[in-house]
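Heads up: the structure comes next, in structure tokens.
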There are 2 protein chains.
Amino acid sequence: MAERPASRQGSKTRTRILEASQQLFNERGPADVTTAEIAAAVAINEGNLYYHFQRKEQIIEALFEEFESNLHRVAAAYLAYSDDPRRYAEYLAGWFNLMWEWRFLYRDGASIRRLSPSLRTRVKALSDTGHDQVRRAVNGMKSADLIRATPEEIERLVVNAWIIATYWIDYLRSRRGIARITREHIDWGASQVMSLFIPYLTPAGMTLLSMRST
Amino acid sequence: MAERPASRQGSKTRTRILEASQQLFNERGPADVTTAEIAAAVAINEGNLYYHFQRKEQIIEALFEEFESNLHRVAAAYLAYSDDPRRYAEYLAGWFNLMWEWRFLYRDGASIRRLSPSLRTRVKALSDTGHDQVRRAVNGMKSADLIRATPEEIERLVVNAWIIATYWIDYLRSRRGIARITREHIDWGASQVMSLFIPYLTPAGMTLLSMRST
DNA sequence: GTCTATAATGAGATAGAC
DNA sequence: GTCTATCTCATTATAGAC
């Protein structure tokens, strides 16, 4: 849950605005956090905040861009594992970690669309990319003979895995009443996604899965 | 997609307010619909609207109550099927229909919590009931020897089925960019949920499933 | 029960001095 | 870059006549 390294560009104040916004948004959602609150959290004046971001939606867009690049970084790291079959579990874990750090993006989709309609197409594009990545991972598992499934079954699996993962945080919060999400909740979500694949595992896949849980 | 029968209690104006609100909320979400718009849609004055509902959140709460009773009605109808194994598919279909008629409740969870914090506990309670119903249905399928699964597998299935169903509408809208949701999209969602159970089907279960698809 | 005002609020945003 | 002061505006909500 460590906050990002020195990867935010621009002035120091701008960086602090983004960090404070991310935290406040994660706590209560962009619609429920006013520009005045953000300014107070950064200990600057509201007028100053509007020097750096002329509109509130520009803060959201800047945060979304950062999330986007983080997601691509996770996907790239997964590829770096080359042929090690553990990479699938690592990829899933990396994905869930990001969802936690940027949970307001997963939880407040409706109000984000309202505040920043321009993000609509980018959210969809990112989701398409995500589907592709999951599909590639599942096909990779098939090629490595970890699972056995028809193309139709794989497509169902991709969509189901994507939905479970994407809405897991919101599910815990709104349907389970879990306010403070911990590492265990994240792991639970990952294993919930994994459970989709269990019926399709080959003996080799089963061995790998039981190794991991030790 | 037919609007509900004469089941709304109270005055005629009150009923019309609820109907107009439901439609507007489904289109654009409660946070994006002003009381002025609702009054205009009903062709009454805004002051009059505030005679029937002193706060905007009371409209949301009244609509939620109606949704609640509809959901219980669907569950009761499913029980009326007694032992016919087709009831599981019918139950699923009834559930998806409700999710379509009340899609704003599924789509705008965050802004609804903001506008009406008092609904939080009731949403959670309703979701608990929903889990129970799904669990009972899955256990019923097991007793009828339609599926074979361990208790742990069943619990995974219940959670996954619930998440896929609950977030299906939002998934189509926000991640697939589907603006106008049709009957086909609803059926797609239902079959996506069904796909979770396919690996666990017994021969009897498979026969039933293939009969249904004709 | 319904209407015509109009008050009260609180948020996003800007101008211009320092 | 930062601040103070102010503006605009949408929205909820109320008072009181009909």
Side-chain angles (χ1 to χ4, degrees), chain A residues 6 8-64 104 108 110-119, chain B residues 6 8-64 104 108 110-119:
Chain A
R8 267 168 168 138
Q9 84 281 54
S11 76
K12 199 179 164 201
T13 301
R14 187 190 145 92
T15 303
R16 286 167 60 224
I17 291 171
L18 289 177
E19 278 168 2
S21 299
Q22 182 182 358
Q23 194 185 329
L24 288 168
F25 289 174
N26 274 339
E27 281 165 17
R28 308 203 321 277
D32 226 15
V33 174
T34 65
T35 49
E37 277 178 287
I38 298 172
V42 186
I44 59 170
N45 191 278
E46 217 178 331
N48 187 7
L49 186 143
Y50 273 90
Y51 167 78
H52 292 282
F53 297 94
Q54 286 82 359
R55 322 203 154 272
K56 191 185 181 183
E57 65 180 282
Q58 291 177 357
I59 299 178
I60 298 174
E61 281 158 21
L63 289 174
F64 182 82
F104 82 92
D108 303 306
S111 53
I112 288 171
R113 270 192 297 282
R114 188 165 61 87
L115 289 166
S116 177
S118 66
L119 282 184
Chain B
R8 266 168 167 135
Q9 83 282 55
S11 76
K12 200 179 162 199
T13 302
R14 188 191 145 91
T15 304
R16 288 167 60 226
I17 291 171
L18 289 176
E19 279 168 1
S21 299
Q22 183 182 357
Q23 194 185 331
L24 288 167
F25 289 173
N26 274 339
E27 282 165 15
R28 307 203 320 277
D32 225 17
V33 173
T34 66
T35 49
E37 277 179 286
I38 298 172
V42 187
I44 61 170
N45 190 279
E46 218 178 331
N48 187 8
L49 185 143
Y50 273 89
Y51 166 78
H52 291 282
F53 298 93
Q54 286 81 357
R55 323 202 155 271
K56 191 185 180 182
E57 65 181 284
Q58 290 178 357
I59 300 178
I60 297 175
E61 280 158 22
L63 288 174
F64 182 81
F104 81 92
D108 303 306
S111 53
I112 288 170
R113 270 192 297 281
R114 189 165 60 88
L115 289 165
S116 178
S118 66
L119 281 184

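Here is the naming used below: chain letters follow the sequence lines, and residue numbers restart at 1 for every chain.
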Taking only side-chain N and O atoms of [X], does any of them lie within less than 4.0 angstrom of OP1 or OP2 on [N]?
{"X": "A:N48", "N": "D:dC3", "result": "yes"}
{"X": "A:Y51", "N": "D:dT2", "result": "no"}
{"X": "B:N45", "N": "C:dT2", "result": "no"}

Q. Any idea which heavy atoms bring B:T13 and B:N48 closest together, and the distance?
A. CG2-ND2, 4.4 Å
Q: Please report the closest heavy-atom contact between A:V33 and A:L24, naming both atoms and the distance.
A: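 Shortest heavy-atom separation between A:V33 and A:L24 comes out as CG2-O, 3.7 Å.
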Q. Is there any side chain to side chain donor-acceptor pair (under 3.5 Å) pair reaching into residues 51-63 of chain A, and which pairs are they, with sequence neighbours excluded?
A.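 Passing the test, one end in residues 51-63 of chain A: A:E61-A:S116, A:E61-A:S118.
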Q. Distance from A:D108 atom CG to A:R113 atom CZ, nearest 0.5 Å?
A.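 Going from the CG atom of A:D108 to the CZ atom of A:R113 covers 10.5 Å.
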(Q) I'd like to know if the side chain of A:E37 reaches the main chain of A:T34, judged simply by a donor and an acceptor atom lying under 3.5 Å from each other, with no hydrogens or angles considered. (A)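 Indeed, once roles are kept as given, a pair shorter than 3.5 Å links the two residues.
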Q. Considering only C:dC3, D:dC3, C:dT2, which nucleotide approaches the side chain of A:I44 most closely?
A.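 The nucleotide sitting nearest to the side chain is D:dC3.
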Q: Send over the distance from B:I38 CD1 to D:dA13 P, rounded to a whole Å.
A: 11 Å
Q.
Base contacts versus sugar-phosphate-only contacts with protein, heavy atoms under 4.0 Å: please encode nucleotides 10-16 of chain C as B, S and - from 5' to 3'.
A. -SSBB--
**Q.** Non-hydrogen side-chain atoms of A:T35 and A:F53 separated by less than 4.5 Å
**A.**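 Counting from C-beta outward, A:T35 and A:F53 never come under 4.5 Å.
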